[in-house]
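Here's the structure we're looking at; comments come further down.
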Amino acid sequence: MNYTQENAPIYEALLRMKKMRIVPFDVPGHKRGRGNKELTEFLGESCMEVDVNSMKPLDNLCHPVSVIKDAEELAAEAFGAANAFFMVGGTTSSVQAMIMYACKSGDKIILPRNVHRSAINSLILSDAVPVYVNPDTNETLGIPLGMSVAEVQKAIEENPDAKAVLVNNPTYYGICSDLRRITEIAHAHGMLVLVDEAHGTHFYFGDDFPPTAMECGADLASVSMHKSGGSLTQSSFLLMGSSINADYMRQVINLTQTTSASYLFLSSLDLSRKRLALQGKEIFHETVKMAEYARYEINEIGGYYAFSKELINKDSVFDFDRSKLSVHTLSVGLAGIEVYDLLRDEYDIQIEFGDIGNILAYISVGDRKRDIERLISALAEIKRVYGKSSTGMLSQEYINPVVAETPRKAFYSKKKSLPLEETAGYICSEFVMCYPPGIPILAPGELITEDIIRYIKYAKEKGCQMTGTEDIRIERLNVLLQ
């Protein structure tokens with residue numbers, strides 16, 4: 001069948017299946033919702049009727065030959081990729097697949113340390129050896145920036161046997177590296193370029209966004225369609241350039257991917273791709289307009305700093321994603337997480353995250369101007385009612401770690417549990433992070449210092465959602481036996 005971007009093959013196949021009135025003697029056991037009335041009332045019959053198992057007319061994600069294959073080809077065309085795979089384990093699974101494709105046990109990979117935990121988890125799974133390029137930091141905002149081209153080149157020259165370079169572009173805060181130049185340098189040294197593009201779906205469908213991974217010639221990119229692309233949570237795309245063996249990549253993905261892929265996720269990816277391919281430019285033009293309006297009004301309040309393209313230095317901040325509404329809060333005397341909590345608890349406004357010094361409000365076409373106005377008004381009132389002196393507040397979001405052991409070896413080594421206050425000088429064997437954004441404060445194999453302990457305690461006191469440790473209260477850490 002000849003499909004165009006106006007088609008959604010998986011969605012259309014599900015509609016055909018519904019018309020066939022098939023009697024189900026397969027899984028799932030709720031049998032189109034009849035076996036779980038309360039869940040069906042909650043999610044709706046339309047949803048439950050298409051929560052089905054793989055069958056011949058609907059193809060199979062692990063080995064697609066019909067409608068899923070067709071939908072993936074349309075996605076590749078829409079994103080300018082040689083191939084695209086539907087991912088139902090979130091962009092976490094895409095990042096894992098990229099690294100496991102590029103690196104075998106003992107292989108080096110060059111990457112920034114301010115990566116999402118999924119990348120470091122991938123090092124544990126693959127036994128790849130990280131060569132970290134510590135990012136520059138904006139001292140005023142306390143946030144890590146992008147990868148400096150000079151630092152990447154230095155890491156490549158010092159590690160010519162590295163197999164790949166991974167770039168997270170953009171960062172959670174909207175910071176972009178010089179992806180095109182990094183790709184050129186890596187390719188000149190025979191290395192693959194992997195891009196964690198979780199927060200850059202919209203780059204592919206706008207006129208004034210930073211360049212995309214595929215446009216820059218990267219080999220692989222993981223794209224979170226569920227973030228700015230409109231699909232269901234946990235659905236993602238893995239994009240491939242022409243250098244990638246897509247058949248082998250499918251085998252790598254199937255090492256960890258479910259054999260029971262959700263057709264709710266798959267159809268949401270299919271329909272969201274269609275929508276962006278047909279209307280994406282208009283959608284994200286309006287998104288940027290709303291973000292720019294909000295940024296201007298928030299800066300007019302005073303105290304807050306909603307940052308944007310003025311940060312660009314053409315190196316560690318090569319470009320900036322103007323759709324991101326990142327706001328520095330310390331000058332009003334409040335940690336980002338405190339503003340986050342106030343917005344939710346006192347004003348019924350849920351933003352994406354708050355950390356030590358910043359908040360991020362995710363703006364999309366689903367927002368309305370009155371919603372933006374409500375956020376602006378709430379921030380103004382929070383400053384007036386709750387604002388105070390910023391004296392004594394920590395500002396640093398990122399502390400460059402000392403890597404003493406590989407993540408895999410540290411994770412699986414013999415360990416002991418110590419009170420947090422007694423761990424300085426030991427090597428950590430687990431993760432400690434605020435989630436979101438999910439960038440580790442400590443990862444397995446890193447040296448614990450007094451500064452890091454102080455940061456963890458401060459983040460806990462301010463109310464950051466701490467995760468990653470075996471001890472659910474983050475009062476103890478697992479460390480390597482010395």
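These numbers come from the heavy atoms of this one structure, side chains and all, not from hydrogens, waters or symmetry mates.
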Subject >> N299 side chain to A306 backbone, donor-acceptor under 3.5 Å >> reply: yes

**OP:** Mind checking side-chain hydrogen bond (donor to acceptor under 3.5 Å, both in side chains) for E470 and listing every partner two or more places apart, or none if nothing turns up?
**Re:** N478

Expected list for residues 10-19: side-chain donor-acceptor pairs under 3.5 angstrom, two or more places apart:
| residue | atom | partner | partner atom | Å |
| --- | --- | --- | --- | --- |
| E12 | OE2 | N7 | ND2 | 3.2 |
| E12 | OE2 | A8 | N | 2.9 |
| K18 | NZ | E49 | OE1 | 3.4 |

Original post:
When you look at CD of E45, are more than 12 heavy atoms from neighbouring residues, nucleotides or ligands closer to it than 6.0 Å?
Top reply: no

Subject >> Expected output: side-chain K324 to main-chain L360 donor-acceptor under 3.5 Å >> reply: no

**OP:** Classify the side-chain pair S272/S231 by whether it contains a donor and acceptor separated by less than 3.5 Å.
**Re:** no

Subject >> Among S222, S118, S224, side-chain hydrogen bond (donor to acceptor under 3.5 Å, both in side chains) partner for T91 >> reply: S224

**OP:** Can you spot which of R374, K369, R368 makes a salt bridge (Lys or Arg N to Asp or Glu O under 4.0 Å) with D371?
**Re:** R368

Original post:
Ion pair present between D178 and K314, side-chain N to carboxylate O less than 4.0 angstrom?
Top reply: no

Subject >> Criterion side-chain contact (heavy atoms from CB on, under 4.5 Å) against V317, the qualifying member of I175, T171, D136 >> reply: I175

Subject >> Option from F203, F85, Y204 for which ring-ring contact (aromatic ring centres under 6.0 Å, His included) with F79 holds >> reply: Y204

Original post:
Does any donor atom in the side chain of N138 or Y173 lie under 3.5 Å from an acceptor atom in the other side chain?
Top reply: no

Original post:
For K457, does the NZ atom sit with more than 12 other heavy atoms under 6.0 Å from it, leaving out its own atoms?
Top reply: no

Subject >> Residue pair Q5 / E77: nearest heavy atoms and the distance that separates them >> reply: NE2-OE1, 2.6 Å

Subject >> Donor + acceptor pair across side chains of Y293, E373 (<3.5 Å) >> reply: yes

Original post:
Do other residues, nucleotides or ligands put more than 12 heavy atoms under 6.0 Å from the CD atom of E38?
Top reply: no

Original post:
According to the side chain to side chain donor-acceptor pair (under 3.5 Å) rule, which pairs have a member within residues 379-388, sequence neighbours left out?
Top reply: Y347-E381

**OP:** Verify whether one side chain among S323 and H202 offers a donor that lies under 3.5 Å from an acceptor in the other.
**Re:** yes

Original post:
Do we see a donor-acceptor contact under 3.5 Å between the side chains of H30 and D51?
Top reply: yes

